[in-house]
Enquirer: 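Dumping the structure here so I can ask a few things about it.
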Amino acid sequence: MSATQPRIAKRFTHHFDVVSSDIDELGHAGNVAWVRWVNDAATAHSRSVGLDLPAYLELGLLWVVRRHDIEYLAPALVGDAIDATTWIDDVHGATSTRKTEFHHAGRLLARASTTWALLRIDTGRPTRIPAELIRRYE
């Protein structure tokens, strides 16, 4: 294992309900809602290991999204109770790939893969992910 490769991809589940403002003109959750849910799950996971926004600001670091890929398998409807399970799948240099799966009543609705880049706040440039951050998720 390299210093940047997580040994254990601990999964974290974020629970939420689909609300009417998530619904698009087709009557199901719209694309913007799914992207927001990916971000919400990642943020909740980070907070659960003690890495909230103030912690990152103190470290002088911030994550930004480089790419979102979402595969839609079934619609999410208003009132659905959703389990968004997320985990870090890969870490390399300044980037991390996070996977997220969305389930309702045991049914897989969508799966996402998001590439994040870690930036230094003072320069706005990518920086190698410190091993101590990776260890928080193991």
Side-chain angles (χ1 to χ4, degrees):
M1 178 183 99
S2 74
T4 61
Q5 290 297 325
R7 286 176 285 191
I8 301 169
K10 280 193 180 173
R11 292 174 182 241
F12 174 83
T13 301
H14 174 66
H15 309 281
F16 63 93
D17 294 327
V18 179
V19 296
S20 61
S21 59
D22 297 324
I23 304 304
D24 66 12
E25 60 278 355
L26 300 175
H28 54 70
N31 297 326
V32 172
W34 289 98
V35 170
R36 186 178 72 253
W37 296 339
V38 166
N39 189 64
D40 290 349
T43 301
H45 189 195
S46 188
R47 278 194 312 263
S48 80
V49 300
L51 294 169
D52 58 4
L53 181 58
Y56 277 111
L57 293 176
E58 186 173 316
L59 293 169
L61 303 170
L62 283 177
W63 289 102
V64 296
V65 171
R66 291 195 64 203
R67 180 184 180 108
H68 280 300
D69 289 307
I70 302 174
E71 179 182 13
Y72 303 104
L73 304 168
L77 307 173
V78 71
D80 285 355
I82 306 292
D83 294 327
T85 301
T86 188
W87 65 97
I88 297 170
D89 190 57
D90 184 46
V91 174
H92 185 75
T95 62
S96 171
T97 303
R98 176 180 285 278
K99 304 290 186 173
T100 308
E101 293 182 348
F102 296 90
H103 289 86
H104 167 65
R107 182 177 185 196
L108 180 61
L109 302 180
R111 57 181 148 235
S113 178
T114 303
T115 303
W116 295 83
L118 188 64
L119 304 182
R120 290 179 46 99
I121 294 171
D122 60 349
T123 65
R125 308 258 318 145
T127 187
R128 181 171 291 280
I129 301 166
E132 60 268 16
L133 291 186
I134 297 166
R135 281 193 291 275
R136 298 275 189 110
Y137 293 94
E138 294 177 347

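What you see is a predicted model; the values in this text were computed from it and never measured.
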Enquirer: If you take all heavy atoms of Thr127 and Ala94, which pair is closest and at what distance?
Expert: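 Closest pair (atom of Thr127, atom of Ala94, distance): O-CB, 3.1 Å.
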Enquirer: To the nearest 0.5 angstrom, please state how far the CZ atom of Arg11 sits from the CD1 atom of Ile88.
Expert: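 The CD1 atom of Ile88 is 12.5 Å from CZ of Arg11, to the nearest 0.5 Å.
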Enquirer: Using the side-chain contact (heavy atoms from CB on, under 4.5 Å) definition, which of the options Asn39, Thr100, Val38, Thr115 pairs with His68?
Expert: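 When side-chain contact (heavy atoms from CB on, under 4.5 Å) is applied between His68 and each of Asn39, Thr100, Val38, Thr115, only Val38 qualifies.
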Enquirer: Could you tell me if the side chain of Arg36 sits less than 4.5 Å from the side chain of Asp22, heavy atoms only?
Expert: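 Yes, their side chains come closer than 4.5 Å.
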Enquirer: For the backbone of Trp87 and the side chain of Lys99, can you confirm whether one donor and one acceptor N or O come within less than 3.5 Å of each other?
Expert: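 Looks like no, no N/O pair under 3.5 Å.
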Enquirer: Strictly by side chain to side chain donor-acceptor pair (under 3.5 Å), give each pair with a member in residues 24-33 just once, sequence neighbours left out.
Expert: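 Every pair satisfying side chain to side chain donor-acceptor pair (under 3.5 Å) with a residue in residues 24-33: Asn31-Tyr72.
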Enquirer: Restricting to salt bridge (Lys or Arg N to Asp or Glu O under 4.0 Å), what partner residues turn up for Arg66, sequence neighbours left out?
Expert: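 In terms of salt bridge (Lys or Arg N to Asp or Glu O under 4.0 Å), with neighbours along the sequence ignored, Arg66 is linked to no residue.
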Enquirer: Calculate, to the nearest 0.5 Å, the distance between atoms CG and CD belonging to Leu59 and Glu132 respectively.
Expert: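 If I round to the nearest 0.5 Å, the distance is 7.5 Å.
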Enquirer: Check for me, please, whether Val19 and Ile82 land in the same ILVMFWY cluster - side-chain distances under 4.5 Å, paths through other members count.
Expert: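 Not linked; separate clusters.
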Enquirer: Can you tell me how far apart CG (Asp89) and OG1 (Thr97) are? Round to the nearest 0.5 Å.
Expert: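 The CG atom of Asp89 sits 6.5 Å away from the OG1 atom of Thr97.
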Enquirer: Any pair with a residue in residues 47-58 that passes side chain to side chain donor-acceptor pair (under 3.5 Å), sequence neighbours left out, goes on the list, sorted by first then second residue, please.
Expert: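 The answer is Tyr56-Trp63.
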Enquirer: Working to the nearest 0.5 Å, report the span between CG of Leu53 and OG1 of Thr43.
Expert: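 Result: 9.0 Å between the selected atoms.
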Enquirer: Give the other cluster members for Leu119, using side-chain heavy-atom distances under 4.5 Å between Ile, Leu, Val, Met, Phe, Trp and Tyr residues; answer none if it is isolated.
Expert: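 In the cluster with Leu119 are Val64.
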Enquirer: Please give me the minimum heavy-atom distance between Ile23 and Leu77, naming the atom from each residue.
Expert: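 Heavy atoms of Ile23 and Leu77 come nearest at CD1-C, 4.1 Å.
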Enquirer: Do Leu133 and Leu118 make a side-chain contact, defined as non-hydrogen atoms from C-beta onward lying under 4.5 Å apart?
Expert: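 Yes, their side chains come closer than 4.5 Å.
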Enquirer: May I ask you to test the Arg125-Arg120 pair for a side-chain heavy-atom distance under 4.5 Å?
Expert: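 Heavy-atom side-chain distance check fails, nothing below 4.5 Å.
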Enquirer: Taking all non-hydrogen atoms of both residues into account, name the closest pair between Ala76 and Val18 and its distance.
Expert: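 Looks like CB-CG2, 4.1 Å.
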Enquirer: Within this structure, what is the CD1-CZ distance for the pair Ile134 and Arg136, rounded to the nearest 0.5 Å?
Expert: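 Answer rounded to 0.5 Å: 12.5 Å.
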Enquirer: Are Leu108 and Ile70 co-members of a hydrophobic cluster defined by side-chain heavy atoms under 4.5 Å apart?
Expert: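 No, it is not one cluster - the side chains of Ile70 and Leu108 are not joined through contacts under 4.5 Å.
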Enquirer: Quick one: OH on Tyr137 to NE2 on His45, what's the gap to the nearest 0.5 Å?
Expert: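 Nearest 0.5 Å value for the OH-NE2 distance: 6.0 Å.
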Enquirer: Determine the minimum heavy-atom distance between Pro75 and Asp80, stating which atoms define it.
Expert: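 Between these two residues, the closest heavy atoms are O-OD2, 4.3 Å.
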Enquirer: With sequence neighbours left out, which residue pairs that include part of residues 93-120 fulfil the ring pair (Phe, Tyr, Trp, His ring centres under 6.0 Å) condition?
Expert: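 Residue pairs with at least one partner in residues 93-120: Trp34-Phe102.
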Enquirer: Once salt bridge (Lys or Arg N to Asp or Glu O under 4.0 Å) is applied, do any residues pair with Asp69, and if so which ones, sequence neighbours excluded?
Expert: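 Applying salt bridge (Lys or Arg N to Asp or Glu O under 4.0 Å) to Asp69 gives Arg67.
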Enquirer: Ser46 side chain to Leu51 main-chain N or O, any donor-acceptor pair under 3.5 Å?
Expert: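 Flag set: sc Ser46 to bb Leu51 pair under 3.5 Å.
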Enquirer: Find out if a path of hydrophobic residues (ILVMFWY) with successive side-chain heavy-atom gaps under 4.5 Å connects Leu61 to Val65.
Expert: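 Yes; tracing contacts between hydrophobic side chains, which count when under 4.5 Å, links both residues.
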Enquirer: Just by distance, no angles: are the side chains of Arg98 and Thr86 close enough, under 3.5 Å, to form a donor-acceptor pair?
Expert: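 There is such a pair (donor and acceptor under 3.5 Å, judged by atom type) between the side chains of Arg98 and Thr86.
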